[in-house]
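All values reported here derive from a predicted model rather than from experimental measurement.
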Amino acid sequence: MRRIILTLTVVAAVIMTAATTAKTPARTGKKQPKTTRTIKKKPQTAPKPEPEEWVLVNVAAACMRTEPAHASQLETQASYGTPAKVLSRSGEWYRLQLPDGYRSWMAGSSVVDITGEQFSEWKKSDRLIVTQPRPTAAYSDSINISDGNIAFDVVIGSIFRGNKTPGAAFTQVTLPDGRNGFMRSSDLEDFATWSRKAPQIDTIMNTARSMMGITYLWGGTTPKAIDCSGFTKVCFAAAGIILPRNASQQALAGEKLDHTNPDTFRQGDLLFFGTGTGTVVTHVAVYDGFTRYLHASGRVFESSFKASHPLYLPRKIIGACRILGIESPKDVTTYAAHPWYF
């Protein structure tokens, strides 16, 4: 019996060995060819970019703040008809980018949403720009221009839809939200025609002088109340030039001048100031010639850097630059060349 069992065990082992040998290829020292299976990948389509969102400013001095809250610090302002790109939203607040590149938060009540198609149509439309440097107003009709008939207030640089009628004393203007008002035609110019004009030094300096005495406001960029770099922005914007927002950014623009040689300064050059012995730009002014400059500090007024001058102000000039008369000045553009306007 034991012999039978032993014999059967041996036979079974032989059979299993033979079966295993049949399934396993012999090892010859050569690598066996790998069997690969081709997997067809589905063509990947790039995700469609989200459509850009745009707004048009719908108030005379829309405030932009550091954070999405009315109690947050005022950073800058924008006036009627300024186009802005929507970067994000937080409740009623929009984080916007302005044409000068500045980014900050604005309350939704100050803007009107527009689609990309509407924005393209706006850029092709007939528009008017306010060239009157002092704050003015639009009226409900062209007959009654009393204070009790004001439709909305207006500041220089505001852009409205509309056309001027030759010889007409008043022109109808339309806000981004569709409201209408009537303004003195003498305060307006056709936007396309105006933007193609060569910048004039007289425009810059006359605008600067028109703001004499206006109150200083940190973040202000309109003649209602204004800060130092807002003042220079308004002066140059009146001539069709878009400056960077802050004094420190403006100091890097245009052509750098030797600030230690005031004899080389020209009217309209930008002068930059620091405090103490530091080299950090904290203030900017427009040079008016003969050692005098116009600036906003507490209010808009004129000073001189010459110690013997009656208007002397002991402030240290640490930089100067020239914008006007320079071909393609650095970090500066014009309304005519900016793709958000045309």
Checklist entry - Counting distance only, does the side-chain N/O of Thr193 pair as donor-acceptor with the main-chain N or O of Asp190 below 3.5 Å? => result no
Item to check | Cationic tip of Arg179 above Tyr80 ring, under 6.0 Å, 45° of axis | outcome: no
Item to check | Pair Asp227 + Arg245: basic N to acidic O under 4.0 Å | outcome: yes
Item to check | Exercise: identify the closest heavy-atom pair between Ala60 and Val155 | outcome: O-CG2, 3.5 Å
Next on the checklist: Are the side chains of Arg184 and Phe170 in contact, using a 4.5 Å heavy-atom criterion?
Outcome noted: yes
Checklist entry - When rounded to the nearest 0.5 angstrom, what is the spacing between CG in Leu98 and CH2 in Trp340? => result 7.5 Å
Checklist entry - Are Glu75 and Arg95 close enough for a salt bridge, meaning some N to O gap below 4.0 Å? => result no
Next on the checklist: Please tell me whether Phe301 and His295 form a close aromatic pair, meaning their ring centres lie under 6.0 Å apart.
Outcome noted: yes
Checklist outcome for this item: Rounding to 0.5 Å, atoms OG (Ser142) and CG (Asn149) come to a distance of 10.0 Å
Checklist entry - Are Phe305 and Phe273 close enough that their ring centers fall under 6.0 Å? => result no
Item to check | Trace of the side chain to side chain contact (heavy atoms under 4.5 Å, CB included) decision for Leu175 with Asn58 | outcome: CA-CA 7 Å; Leu175 290 175; Asn58 197 48; 3.8 Å; yes
Checklist entry - Under 4.5 Å between any side-chain heavy atoms of Cys63 and Gln77, yes or no? => result yes
Checklist entry - Tell me, which pairs form a side chain to side chain donor-acceptor pair (under 3.5 Å) where one or both residues lie in residues 322-331, sequence neighbours left out? => result Asp269-Arg322
Checklist entry - Do you reckon Val281 sits in the same ILVMFWY cluster as Tyr293, going by side-chain contacts under 4.5 Å, direct or chained? => result no
Checklist outcome for this item: Nearest heavy-atom approach of Ser72 to Glu67 is OG-N, 2.9 Å
Item to check | Closest heavy-atom pair and its distance - Gly274, Thr282 | outcome: CA-OG1, 3.6 Å
Next on the checklist: Run Tyr94 and Asp113 through side chain to side chain contact (heavy atoms under 4.5 Å, CB included) and show every step you take.
Outcome noted: CA-CA 10 Å; Tyr94 293 62; Asp113 289 273; 2.7 Å; yes
Checklist entry - Does Val173 reach the side chain of Val154, with side-chain heavy atoms less than 4.5 Å apart? => result no
Next on the checklist: Tell me whether the count of non-hydrogen atoms from other residues, nucleotides or ligands lying under 6.0 Å of CZ in Arg266 goes above 12.
Outcome noted: no
Checklist entry - Under the 3.5 angstrom rule, does the side chain of Thr171 hit a backbone N or O of Met183 as a donor-acceptor pair? => result no
Checklist entry - Are Val284 and Leu243 linked, directly or through other ILVMFWY residues, by side chains that come within less than 4.5 angstrom of each other? => result yes
Checklist entry - Which atom pair, heavy atoms only, marks the closest approach of Thr221 to Ala78? => result OG1-N, 4.2 Å
Next on the checklist: I want to check something: taking the side chain as every heavy atom from C-beta on, are Lys123 and Phe342 in contact at a cut-off of under 4.5 Å?
Outcome noted: no
Checklist entry - Is there a path from Val59 to Met64 through hydrophobic residues (I, L, V, M, F, W, Y) whose side chains come within less than 4.5 Å of each other? => result yes
Checklist entry - Are any non-hydrogen side-chain atoms of Arg127 and Trp122 less than 4.5 angstrom apart? => result yes
Checklist entry - What is the minimum heavy-atom distance between Cys321 and Ala253, and which atoms define it? => result CB-O, 3.5 Å
Checklist entry - Does a donor on one side chain and an acceptor on the other come within less than 3.5 Å for Gln250 and Ser229? => result no
Checklist entry - Are the aromatic rings of Tyr287 and Phe265 close, with centres under 6.0 Å apart? => result yes
Checklist entry - When you look at CD of Glu117, are more than 12 heavy atoms from neighbouring residues, nucleotides or ligands closer to it than 6.0 Å? => result no
Checklist entry - side chain to side chain contact (heavy atoms under 4.5 Å, CB included) between Thr291 and Tyr312: does it pass, once the steps are laid out? => result CA-CA 9 Å; Thr291 78; Tyr312 173 67; over 6 Å; no
Checklist entry - With a 4.5 Å limit on heavy-atom distance, are the side chains of Ile150 and Tyr139 in contact? => result yes
Checklist entry - Does one hydrophobic cluster hold both Leu270 and Met205, with members joined at side-chain heavy-atom distances below 4.5 Å? => result yes
Item to check | Trace of the side chain to side chain donor-acceptor pair (under 3.5 Å) decision for Asn144 with Ser146 | outcome: CA-CA 6 Å; Asn144 180 4; Ser146 67; 2.8 Å; yes
Checklist entry - Does Leu188 offer a backbone N or O that forms a donor-acceptor pair with the side chain of Lys164 under 3.5 Å? => result yes
Checklist entry - Hey, mind stepping through His309 and Phe290 against side chain to side chain contact (heavy atoms under 4.5 Å, CB included) and telling me if it holds? => result CA-CA 10 Å; His309 197 285; Phe290 305 104; over 6 Å; no
Checklist entry - Going by distance alone, is a donor N or O of one side chain under 3.5 Å from an acceptor N or O of the other, for Ser303 and Arg315? => result no
Next on the checklist: Given 3.5 Å as the limit, does a donor-acceptor pair link the side chain of Glu92 with the main chain of Ala107, or not?
Outcome noted: no
Sequence neighbours excluded and cut-off under 3.5 Å, please list the side-chain donor-acceptor pairs for residues 207-217, or say none.
{"unit_1": "Thr207", "atom_1": "OG1", "unit_2": "Thr203", "atom_2": "O", "d": "2.7"}
{"unit_1": "Arg209", "atom_1": "NH2", "unit_2": "Asp288", "atom_2": "OD1", "d": "2.8"}
{"unit_1": "Ser210", "atom_1": "OG", "unit_2": "Thr207", "atom_2": "O", "d": "2.6"}

Item to check | Approximate separation, where rounding is to 0.5 Å, of Glu53 CD and Leu96 CG | outcome: 10.5 Å
Checklist entry - So if you build clusters from Ile, Leu, Val, Met, Phe, Trp, Tyr with side-chain heavy-atom gaps below 4.5 Å, do Val57 and Val86 land together? => result yes
Checklist entry - Just how far is it from atom CZ of Arg161 to atom CD1 of Ile159, taken to the nearest 0.5 Å? => result 12.0 Å
Checklist entry - If you round to the nearest 0.5 Å, how far is OG1 of Thr232 from CG of Leu294? => result 11.5 Å
Next on the checklist: Treating His338 as the side-chain partner and Pro99 as the backbone partner, does any N or O pair qualify as donor plus acceptor under 3.5 Å?
Outcome noted: yes
Checklist entry - Are side-chain heavy atoms of Lys224 and Asp153 found at a separation under 4.5 Å? => result yes
Checklist outcome for this item: By side chain to side chain donor-acceptor pair (under 3.5 Å), Gln118 pairs with (sequence neighbours left out) Thr115
Item to check | Over 12 non-hydrogen atoms of neighbours within 6.0 angstrom of NZ in Lys306 | outcome: no
Next on the checklist: Strictly distance-based, threshold 3.5 Å: is any side-chain N or O of Ser195 a donor or acceptor partner for the main-chain N or O of Phe191?
Outcome noted: yes
Item to check | Nearest heavy atoms of Phe119 and Pro83, plus distance in Å | outcome: CE1-CB, 3.7 Å
Checklist entry - Side chains of Lys233 and Ile242: closer than 4.5 Å at any heavy-atom pair? => result yes
Checklist entry - Hey, does the side chain of Trp218 reach the backbone of Leu74 with a donor-acceptor pair shorter than 3.5 angstrom? => result yes
Next on the checklist: What's the separation between atom CZ in Phe231 and atom NE2 in His283, rounded to the nearest 0.5 Å?
Outcome noted: 9.5 Å
Item to check | Asp141 (side chain) donor-acceptor with Ile143 (main chain) under 3.5 angstrom | outcome: yes
Checklist entry - Is the backbone of Gly240 close enough, under 3.5 Å, to the side chain of Thr334 for a donor and an acceptor to pair up by distance? => result no
Next on the checklist: Strictly distance-based, threshold 3.5 Å: is any side-chain N or O of Glu255 a donor or acceptor partner for the main-chain N or O of Ile326?
Outcome noted: no
